[in-house]
Protein chains: 2
Amino acid sequence: MREPTSSLQGEIRAFVLEKIVGGEWAPGARVPSETELVARFGTSRMTVHHALKALTAEGYLRRVKGLGTFVAPPRAHVLHARLTDVADEITERGGRHRTEVLDHDVRCASSTEAALFQLPPGERLLHARLLHFENDTPLQIEDRLIDPARVPGVEDLDPAAESYFAFLMGKVPYPAGRAVVRAVMPPMETRFLLRMGPEEPALEVERVTRAPDGAVLTVARLTYPGTRYVLSGEIAPPIGRGPDPVGDDE
Amino acid sequence: MREPTSSLQGEIRAFVLEKIVGGEWAPGARVPSETELVARFGTSRMTVHHALKALTAEGYLRRVKGLGTFVAPPRAHVLHARLTDVADEITERGGRHRTEVLDHDVRCASSTEAALFQLPPGERLLHARLLHFENDTPLQIEDRLIDPARVPGVEDLDPAAESYFAFLMGKVPYPAGRAVVRAVMPPMETRFLLRMGPEEPALEVERVTRAPDGAVLTVARLTYPGTRYVLSGEIAPPIGRGPDPVGDDE
DNA sequence: GAATCCAGCTTGTATAGGCAAGTTTCAGGC
DNA sequence: GCCTGAAACTTGCCTATACAAGCTGGATTC
């Protein structure tokens with residue numbers, strides 16, 4: 001992470017960050033107060049304040065009104081793994097992507113499906129099952145349910161032409177949600193479709209996508225052959241999001 | 001995500017964020033300039049400026065000097081999965097944790113290991129293989145290599161008493177690194193140790209942890225029984241980190 | 001001794017002004 | 001038409017000041 005020291009804020013930021021990641025200031029330790037840093041760097045308090053506030057938002061510091069600034073205790077690391085469109089992923093590494101539609105219908109929600117979507121049972125749900133190929137080798141089975149009432153126009157979409165991922169991204173650019181990653185032994189049909197070996201496990205990513213208001217838009221189960229796909233990402237300390245990053249414990 | 005409108009910055013932030021996540025302002029669209037928002041909210045420019053800057057750091061906006069402020073194009077979603085200490089994870093959900101040491105020795109690095117650590121071959125490496133139990137049921141095999149030259153005191157650690165994760169966290173609180181998650185069919189010995197079923201796959205997390213200066217500190221391979229463990233996390237748009245969050249493409 | 005209050009520290013927030021630096025646009029001169 | 005340059009706009013950054021709100025510790029008072 002390169003640190004621009006071109007600005008005064010950047011200088012203060014680099015100074016504090018270096019002490020933290022270098023271990024000189026241990027987690028929980030007191031950081032010099034704003035006025036002390038003002039004296040050290042000869043800047044105005046606002047400049048110091050904004051440098052420290054930025055580091056707080058990034059999870060390195062913890063500030064308590066009336067008390068002072070402290071090095072945040074890192075209790076966990078976070079894996080940041082990109083969940084991209086499988087079509088993008090394939091074309092990005094120079095492959096050829098093709099979609100085969102296995103199932104595509106509108107059904108009435110079963111009781112479990114209705115509970116998942118927090119809808120009354122019997123509500124209409126769009127269901128699609130797609131097989132994604134990379135250079136004519138199957139790479140992913142996408143099993144997806146969508147609430148068509150919340151995603152207008154999705155019923156007219158041709159999944160072979162435009163992916164649901166891209167379509168939903170266009171409709172709801174900033175969704176929330178959860179995902180679960182597991183290792184499974186898939187059923188015979190899946191093994192056959194993905195041309196998997198007799199002992200080969202599958203990596204399964206199941207994700208629930210919600211609109212900003214909390215309503216479930218879509219539930220997707222993505223199945224990959226274990227020998228042909230891995231999930232990878234960067235590791236970093238947790239990042240604060242929004243103006244109220246603390247207030248969880250203690 | 002609750003939004004405090006108690007402050008003027010919070011009001012402006014909520015106003016802009018609501019337009020973005022609500023889809024009213026599409027990705028790439030122009031956001032009112034600072035002076036326009038000043039006129040609308042009747043605040044000083046700095047107040048508007050800091051509200052917009054915070055949203056930029058969180059990845060919602062993109063600002064170009066001389067041009068204006070725009071809604072950031074969300075190109076991918078990111079899975080934020082916490083990688084915690086198994087011991088913490090188990091005790092947090094009320095379980096009893098116990099560690100069994102399978103292997104614990106100092107060896108000379110093989111050529112592949114040396115390449116992994118970017119060290120000359122034959123350098124001393126600490127190797128440990130641990131079996132973690134939750135209520136006497138095996139949950140994880142931890143296979144770990146550590147560079148003792150970079151982690152002083154690690155050779156005196158008793159892995160059954162304190163986890164390497166916690167020890168390393170104390171030594172290098174803010175590490176960097178990468179992790180890979182895959183589904184595998186583990187060898188016989190692993191299946192036996194983890195008491196896995198005959199057809200049960202395993203979830204494997206392999207992570208490389210580096211010091212802030214880039215040197216590899218430790219490589220860990222964590223193996224879980226597929227039916228007893230899943231990796232889960234929140235999904236959110238990518239977050240900018242540091243003062244230079246863009247500058248990658250276009 | 002115990003409770004109270006206040007001074008002195010801390011951070012949070014907002015204001016008003018200024019200058020720098022980048023982009024666009026359009027008028028003017030060639 | 002083409003190039004040039006200035007004006008007008010944008011964001012980036014810094015300063016100086018002010019007040020609010022929260023915590024701590026010590027002096028005061030009971």
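The figures here come from the full heavy-atom set of this structure, side chains too, leaving out hydrogens, waters and symmetry mates. Quick note on labels: first sequence line is chain A, next is B, and so on, each numbered from 1.
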From the set C/dA21, C/dG12, D/dC14, return the single nucleotide nearest to any side-chain atom of B/K65. C/dA21
Checking B/H50 against B/Q9: is there a side-chain donor and acceptor pair closer than 3.5 Å? no
Rounded distance (Å) that lies between atom C1' of C/dC9 and atom CG of A/L37: 15 Å
Hey, mind stepping through A/R210 and A/Q118 against side chain to side chain contact (heavy atoms under 4.5 Å, CB included) and telling me if it holds? CA-CA 11 Å; A/R210 297 166 182 276; A/Q118 296 159 338; 3.9 Å; yes
Identify which nucleotide among C/dT24, C/dT10, D/dC13 has an atom closest to any side-chain atom of B/R45, counting heavy atoms from C-beta outward. D/dC13
With hydrogens left out and only the distance checked, is there a donor-acceptor pair under 3.5 Å joining B/R30's side chain and the base of D/dT11? no
Which nucleotide wins on minimum distance to the side chain of B/Q9, given the candidates D/dC14, C/dT10, C/dA14? C/dA14
Does B/T69 make a side-chain N or O approach to OP1 or OP2 of D/dT10 shorter than 4.0 Å? no
Can you identify which nucleotide, out of D/dT15, D/dC14, C/dT11, has its nearest atom closest to the A/T43 side chain? D/dT15
Option from B/V205, B/V78, B/L79, B/V181 for which side-chain contact (heavy atoms from CB on, under 4.5 Å) with A/L79 holds: B/V181
Mind checking whether B/Y174 and A/Y60 have parallel, tilted or perpendicular rings, split at 30° and 60°? tilted
CG of B/L52 versus P of D/dT10: gap in Å, rounded? 13 Å
Is B/H50 touching bases, backbone alone, or none of the nucleic acid, heavy atoms closer than 4.0 Å? nothing
Rounded to the nearest 0.5 Å, the CG atom of B/L203 sits from the CG atom of B/L222 at a distance of 10.0 Å
Roughly how many Å is it from CG in A/L67 to P in C/dT10, rounded to a whole number? 11 Å
For D/dC9, take OP1 and OP2 only and decide whether either is under 4.0 Å from a side-chain N or O of B/T35. no
When you get a sec, tell me which of D/dA16, C/dA16, D/dG12 is the closest nucleotide to the side chain of B/M46? C/dA16
Strictly below 4.0 Å: does B/S44 bring a side-chain N or O up to OP1 or OP2 of C/dG17? no
Would you mind reading off the distance between B/E34 atom CD and C/dA14 atom C1', rounded to a whole angstrom? 15 Å
Which nucleotide wins on minimum distance to the side chain of A/H49, given the candidates C/dT13, D/dG12, C/dT15? C/dT13
Integer-rounded Å distance: D/dC14 P and A/I12 CD1: 8 Å
State which of C/dT11, D/dG12, C/dA14 makes the closest approach to the side chain of B/R63. D/dG12
Please tell me which of the listed nucleotides, D/dG12, C/dT13, C/dA14, lies nearest to the side chain of B/L8? C/dA14
